Amino acid sequence: MRESILPASPISIEDGEEACPGIEPPAAGAFAGIKPTYEQLQARVEELERENRALKKYKSQQKKLEQELSDTLTKVLAGYLPICARCKRIREENGVWKQLETYIQAHSEVVFSHSLCPACAKSFYPEFLPPEEE
């Protein structure tokens, strides 16, 4: 059985005996110069209250931003999309085929701007292009 390292009874300090040998207690009045006044304590309380209000405001803003981030992340397209190899329409879960742009706009924050690549412009509208230099 393990013996306790604490004494069985409290240690009594006799007159003239040191409580902690080698460590002197502070002189009387040693802390008198650092005792805060009521006004100083009141100012500190007000400062802590302001900091607490600011912290609550920042936490509220953080929660709002986290919600916005979560909502944004749910708009990200992921996984496999069944797409027609010819017309590029996408089949939705209910079986309806939607135009690629319509589907992506409905499931994300993307907005499309249409143009023609040089190869398609040459193929479909050669009369509107400047003559090629050789």
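This one's a predicted model, so the numbers in the text were calculated from it and none came from an experiment. Start at 1 with the first residue, then count along the sequence.
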Do Ile90 and Val111 sit in one hydrophobic cluster, given that two such residues count as connected whenever their side-chain heavy atoms are within less than 4.5 Å of each other, even indirectly? no
I'd like to know whether CD of Glu127 has more than 12 heavy-atom contacts from other residues, nucleotides or ligands below 6.0 angstrom. yes
Between Gln99 and Arg89, what is the shortest heavy-atom contact and its length? CA-CG, 4.1 Å
To the nearest 0.5 Å, tell me how far Glu66 CD sits from Lys59 NZ. 11.5 Å
Any link between Leu41 and Leu48 through a network of hydrophobic side chains (Ile, Leu, Val, Met, Phe, Trp, Tyr) touching at under 4.5 Å? no
For a side chain to side chain contact (heavy atoms under 4.5 Å, CB included) with Gln42, tell me which candidate from Glu39, Arg44, Glu46 qualifies. Glu46
Do Leu81 and Leu100 belong to the same hydrophobic cluster, where Ile, Leu, Val, Met, Phe, Trp and Tyr are linked whenever their side-chain heavy atoms lie under 4.5 Å apart, directly or via other members? yes
If hydrophobic clusters are built by linking Ile, Leu, Val, Met, Phe, Trp and Tyr wherever their side-chain heavy atoms come under 4.5 Å apart, do Ile104 and Val96 end up in the same one? no
Does Phe112 CZ have over 12 foreign heavy atoms under 6.0 Å away? yes
Mind checking the CH2-NZ spacing from Trp97 to Lys88? Nearest 0.5 Å is all I need. 11.5 Å
Would you name the heavy atoms of Val110 and Gln105 that are closest together and state the gap between them? O-CG, 3.2 Å
Is there a continuous path of hydrophobic side-chain contacts, each under 4.5 Å between heavy atoms, that joins Leu116 to Phe128? yes
